Q: 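Handing you a structure now.
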Amino acid sequence: MGAGIRDKVAIVGMGCSKFGERWDVGAEELLVEAYEEARKDAGITTGEIQAAWLSTALEDFNVGKSALPLSMTLRLPNIPVTRVENYCASGTEAFRGAAYAVAAGACDIALAAGVEKLKDTGYGGLPNRTRGINSDMIRPNNTAPGAFAQLASAYRAKHNVKKEDLKKAIGMVSEKSHANGALNPKAHLQKAVSLDTILSAPMIAEPLGLFDCCGVSDGAAAAIITTPEIARSMGKHNLITVKSLQLALSNGLEAEHNSWDGSYFHTTRIAAKRAYEEAGITRPREEISLFEVHDCFSITELVTVEDLFISPEGGAIKDYMDGFYNADGKVPCQIDGGLKCFGHPVGASGLRMLYEMYLQLLGRAGKRQLKDPRIGMTHNLGGMPNANVSSVAIIGRLD
Amino acid sequence: MVGITSFGAYIPKLRLNRKSIAEANAWGNAGLKGMAKGQRAMCNWDEDSVTMAVAAAKDALRGVKSSAISRVFLATTTAPFLDRQNAGIVSAALHLGHEIASMDITSSQKAGTTGLIAALDIAKSGEDNILFVASEKRRTKAASSQEMQYGHGAAALLVGADKPVAKLLASHSRTVDFIDHYRAEGRDFDYQWEERWIRDEGYMKIVPPAIDAALKKAKLKADAITHFVMPTVFPAVTRSIGKAAGLADKALRDTLGDNCGDTGVAHPLLMLVDALQDAKAGDKIMVAGFGNGCDVLIFEATKELEKLKGPRGVKGGLANGREEKNYNKFLTFNDLITKEFGIRAEADMPTPMSALYRKNDMVLGLIGGICTACKTPQYPKSDVCVNPECNKTHTQEDYTFADKAAHVMSWTADYLTFTLDPPGHYGMVEFDAGGRFMADFTDVAVGDLDVGMPVEMVFRVKSVDERRGFIRYFWKAVPRTA
Amino acid sequence: MSAGIKDKVAIIGMGCSKFGERWDVSADELMIEAFEEASKDAGVDTSQIQAAWLATQLEEINVGKSALPLSVALRLPNIPVTRVENYCASGTEAFRGAVYAVASGAADIALAMGVEKLKDTGYGGLPAMSAGTNMNMRGPNNTAPGSFAQLASAYGAKHHVSKAEVKRAIAHVSAKSHANGAINPKAHLQKAVSVETIMEAPMIAEPLGLFDCCGVSDGAACAIITTPEIARRMGRKYIVTVKSLQLALSSGTESEFNGWDGSYFLTTRIAAKRAYEEAGITKPREQVSMMEVHDCFSITEMVTMEDLFISPEGGAIKDVMDGFYNADGKVPCQIDGGLKCFGHPVGASGLRMLYEMYLQLQGRAGNRQLKDPQIGLTHNLGGFPYQNVSSVAIIGKLGR
């Protein structure tokens, strides 16, 4: 295996647009909003960026194909700009592309930007679309909540959990995120919601109710990265570096082979192991200061905290009941409000998560600031439980 | 001696309560109240004449090797495609192979009996294992008598000379351009003439001479007939014809009006299957089919009948019902009202014909692969084995999943997705002998499903491409019937 | 500027499916066909690959989104697999992603795969599709030939060349590619076509006739790469390394600012300059042994020869007519037959071009083999002349 990229790359600037139903702006303005914040933070000009990566997942419903939308919008100086798309991990993939380019020595300063404008589709949730011509002929016309709801039935069966007990636990997952999001001025939904309200909300896909689902919103986020050496030469002191960037993709096992029981994310476990190894983390429950997981649905988060080896297998419900993941808990999860409160503009989400980790690590998270975090982790999950892309990114202070 | 070597039937699980039709329409047609007894079989939104034909054929083919079938006939006046062979879709779903003859027979209510006579004639030349299926899903105007009287269903017969369960004694056909109803090209509904005229000038004058001629050919007296299959929506007509022909009263078969309804082209065969399920060796069964003339067939049940245990037939079909009291659902499923389904119903996804043809076995036949190296069944069939302990390339052979036992691994009831019958149920279906895939569930109600529940696979409409008028078929899971 | 990636990465295996109307197979099988060739070539199986990149451009009409189609088709062992999409440069982008991963130390052995299954759409050419919410409201309903045909009118006006002369020169461009493709068993169109036939063909978009347009086909191509050190350890002797990988994207100058005259590709000139610099090439007309340029249309190729600084500005017509780019010319161009004969399964094309360069550099190109080539260049152009993604890749023997 390659030596990895631990500490080879530093983040020198990040930006994040206000997320929400941004009826007033298009994807272009969202990109500019996020980029301008990142550029000012980094203290550079556009002319200094030597390569860029753009993530958009549902380009057919908005900006169209290729990386031209980013190049055109920011009037980048005819540099290489690459579009990556890897379902809901797209934002993290843009970051990974830029990180590898810098680590490879192909460029000194690179930009990763993610955007998605979802509210020009007319849909309440994500738009209905093709899953590829072979899949369209044989797969159910499933929605995202329906695909992730499958986890609940399998998790209950495996761990002998009563329907109402799991429903309550995932209700608490959402309750915690809403409490966090209420303090975040960039979140789409900035309102605390009671457990009772969550549990009595209309059913979307059994057992997921309305508040078990993340919002649908528009947003963009961006990161500017370079080598630690250049960062220092730019006068940066408290450097935030990349500790690991890992992905694992399904290869058909979960969907076609009877060895997977449907109650967990096979890929997340693999990506997490690799990421901890690359970052040199041996006891994640103790060493991770805070994390953002891909809470597209409450059940996804509950299952994922086990797959990331923070909660023991079958132990997530207890950890949620104990407040382990709350803002004042041992390992705060979704301290910014998560997808739950930010919504999930697909291409932007991975970078939005990193944005919060970056702010927290620098002590710039305002009312949400945690005490002295050292290591932040983000996780994305694209696709469905039975066939997906899972990414794990770990960033932390360079010391 | 040629005859019927196996039989099967399919009656959709949903049974519309006739009272619901009468109650919804009482404000405009109080007369319907008189017919508001019992239930009529109704297709789920994802069933049509082709899917019912496949289900009936599967019933008839329990224990028969599909490669043995020589020919497929499909009789129906409600074929989903005017120019794409519907019998060919049935053949593909049953994975009968390409070296097979096939034909659609249509345009008259007696297409079922006329086609059956043709199949029996072919069998006389020595051809065995001819699959003959009749299926019908007639659309009717809301608040019409036909809406009350008709039902949806299909019957399948295997025809040949190899140990028939019922051998053909004789048949006779008459062709008369008598128009009790018709449906012109491009029209959605039948146009009917007056019932009294149909009864007196139609049934009573066209059928009895055919019965006489058939009896003569069979060298039988009328009272020798033990089962008389005479489909009609006027029960009194069956009795009158029987009397006119000298048949015994107790020979008259029930027309399945109470809990199924008249299934049109399929009905003579459906009633025949019902009769075969009651018959004993030596019984003489007369089947009449009426429509622009008349066909009469006479069979004699043989000792082989007792040995045929597989088919669920009409009895099994009737027993496996679920009452539907919501008339609105019937109207919706049959496209009799225009309903709002939201933006998700607008998604435009054309079917590439080139890909469908390439994947015909995978899609229509539910054929997956089995790795010859590690014996892992998998769906879809692929070039690289999915078993992580194997992963060998180019090792897979065809493997049929359509007839394999399976169970639910995970599920949900989705209120967001577009389906004509929300919520959409789907989940991971795992085959007991290996293999799995994410499948739609159908014919289930909220609360039916649970992890571990046994299911079986059925051939259904997956979705309809309204813009291009194309129907996509695929397989779904239903709770297994005992 | 950073050090660049010259000679940091070696190609140890490549594969390319038969291109054409592959009615018999899906994208999965195409990928497997290309991969099995590369895998044998490299002596590497799926368990040794640590990261992969997939290029598919028109995923909505075939494999669908994400990099899962590659991971599932090859049953890759749950490694990171990334999908890149950058119009017609997508294949080169997959290669670039894999190269950066290896050069950064993130992976030792990486796979770059490109595939496109275009013949399940029912269209003769590329399918009509969304250009994005904003462009759908204001852009013309243009086709690819119509967009590239614009170059011809602007080129003629700028260089005072008559319509007839341009038409004849671009016909020679296509005739040369057909002559090359005729002897390539993997090409879609394997037939020589005369200049007369080309010029008399039905008009598609003035002045481009049928033979000025590349074919539409299915195909896949892939590369397995590692570091030169590992390649040597694996027993490789003749190592082909990456000399440069550059891209340039439009940022509005051509389409919204009056400084561009429509007769050339602004981005290609920028990408080419950067690429030559990274590769240490100062006299491209002398130093580049052969090249594959993005000949989606004959006019594209002719203009690009100038933008890559092989022909002088306004001098491409003369070079074409002189046979400079023919198989026996000074700098053979489209020696495999080009997009013209391979068609353009978008995600695969960039890798298919590299495949030919790789074969040629190793002396494995059969009856197309050129004499001792040292440096091969590939070029892609995605989008339209007025707004595009341009890529330039240079590979060569290690030590050059």
Side-chain angles (χ1 to χ4, degrees), chain A residues 121-158 163 202-210 213 250-263 266 297 299 384-387, chain B residues 342-352 355-356 358-359 362-363 366 368 376-380 382 384-388 391 408-419 423-428 430-431 434-441 446 449-452 462-463 472 474-476:
Chain A
T121 64
Y123 278 81
L126 289 177
N128 224 20
R129 58 197 189 272
T130 174
R131 282 82 45 89
I133 58 167
N134 286 350
S135 290
D136 286 344
M137 292 190 284
I138 60 173
R139 266 184 28 196
N141 186 24
N142 62 291
T143 60
F148 284 87
Q150 309 283 332
L151 285 166
S153 63
Y155 189 93
R156 286 193 305 251
K158 181 175 188 182
K163 220 166 167 174
M203 192 62 82
I204 302 293
E206 155 64 12
L208 306 177
L210 184 64
C213 307
S250 296
N251 61 16
L253 176 107
E254 304 96 304
E256 301 163 33
H257 192 254
N258 291 5
S259 54
W260 177 69
D261 67 18
S263 72
H266 181 64
F297 303 96
I299 184 70
M384 312 192 298
N386 69 50
Chain B
I343 196 167
R344 272 174 206 281
E346 293 174 22
D348 181 31
M349 285 187 260
T351 300
L356 177 58
R358 187 162 58 242
K359 299 288 189 187
M362 170 182 93
V363 178
L366 198 65
T376 301
Q378 46 204 290
Y379 186 88
S382 63
V384 189
C385 176
V386 72
N387 178 1
N391 280 170
V408 178
M409 187 189 106
S410 65
W411 65 275
T412 190
D414 188 343
Y415 293 82
L416 185 62
T417 192
F418 164 62
T419 160
H425 286 89
Y426 52 87
M428 188 68 91
E430 189 170 75
F431 291 86
R436 55 165 58 167
F437 68 96
M438 186 65 77
D440 280 310
F441 297 106
V446 171
L449 290 175
D450 207 355
V451 170
K462 184 177 189 305
S463 60
R472 290 180 164 190
F474 188 53
W475 295 78
K476 301 181 183 180

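What you see below is based on every heavy atom in this structure, not just the backbone, and it leaves out hydrogens, waters and symmetry mates. All chains are named by letter (A, B, ...) in the order of the sequence lines, taking the proteins before the strands, and each is independently numbered beginning at 1. Not measured: the values here are computed from a predicted model.
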Q: Side chain, backbone, both or neither: which part of A439(B) has a non-hydrogen atom closer than 4.5 Å to chain A?
A: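 When you check distances to chain A, only backbone atoms of A439(B) fall under 4.5 Å.
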
Q: Out of P140(A), A255(A), G125(A), return the one with the most heavy atom pairs under 4.5 angstrom to chain B.
A: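 Heavy-atom pair counts peak at P140(A).
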
Q: Please identify, among Q378(B), M428(B), H425(B), the residue contributing the most non-hydrogen atom pairs under 4.5 Å to chain A.
A: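 Most pairs with chain A among the choices: M428(B).
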
Q: Most heavy-atom pairs under 4.5 angstrom with chain A, which of M409(B), R358(B), M362(B)?
A: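 Option with the greatest count: M409(B).
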
Q: In the structure I gave you, are the side-chain heavy atoms of M438(B) and Q150(A) within less than 4.5 Å of one another anywhere?
A: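 Sidechains of Q150(A) and M438(B): in contact.
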
Q: Between L151(A), N134(A), N251(A), which shows the greatest number of heavy-atom pairs under 4.5 Å with chain B?
A: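 Ranked by heavy-atom pairs under 4.5 Å with chain B, first place is N134(A).
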
Q: Please find the pair of heavy atoms, one from N128(A) and one from M349(B), that lie closest to each other, and give the distance.
A: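 That closest heavy-atom pairing would be ND2-CE, 4.5 Å.
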
Q: If only atom types and distance count, is the side chain of E256(A) paired as donor or acceptor with the main-chain N or O of V386(B) below 3.5 Å?
A: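 No, the answer is negative, given that no donor and acceptor are paired below the 3.5 Å cut-off.
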
Q: Select, from A413(B), A347(B), S463(B), the one with the greatest count of heavy-atom pairs under 4.5 Å involving chain A.
A: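 Most heavy-atom pairs under 4.5 Å with chain A: A413(B).
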
Q: For residues V363(B) and I138(A), determine if any side-chain heavy atom of one lies less than 4.5 Å from a side-chain heavy atom of the other.
A: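 A side-chain contact under 4.5 Å exists here.
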
Q: Who among L253(A), N258(A), D261(A), N386(A) has the most heavy-atom pairs with chain B under 4.5 Å?
A: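 Heavy-atom pairs under 4.5 Å are most numerous for N258(A).
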
Q: Evaluate the side-chain proximity of R472(B) to D136(A): yes if any heavy-atom separation is below 4.5 Å, no if none is.
A: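 When only atoms from C-beta onward are counted, R472(B) and D136(A) do touch, with a gap below 4.5 Å.
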
Q: Does any non-hydrogen side-chain atom of Y426(B) lie less than 4.5 Å from one of T143(A)?
A: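 Result yes, sub-4.5 Å side-chain heavy-atom pair found.
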
Q: Could you check whether any side-chain heavy atom of W260(A) comes within less than 4.5 Å of a side-chain heavy atom of R436(B), counting everything from C-beta outward?
A: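 Touching, per the 4.5 Å side-chain cut-off.
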
Q: Find out whether M137(A) and K359(B) are in side-chain contact, i.e. whether some heavy atom of one side chain is under 4.5 Å from a heavy atom of the other.
A: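 They are in side-chain contact.
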
Q: Give the minimum heavy-atom separation between S153(A) and V451(B), together with the two atoms involved.
A: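 S153(A) and V451(B) have their closest heavy atoms at O-CG2, 3.6 Å.
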
Q: What part of K158(A) is in contact with chain B, defined as an atom under 4.5 angstrom from a non-hydrogen atom: side chain, backbone, both or neither?
A: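 No part of K158(A) comes within 4.5 Å of chain B.
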
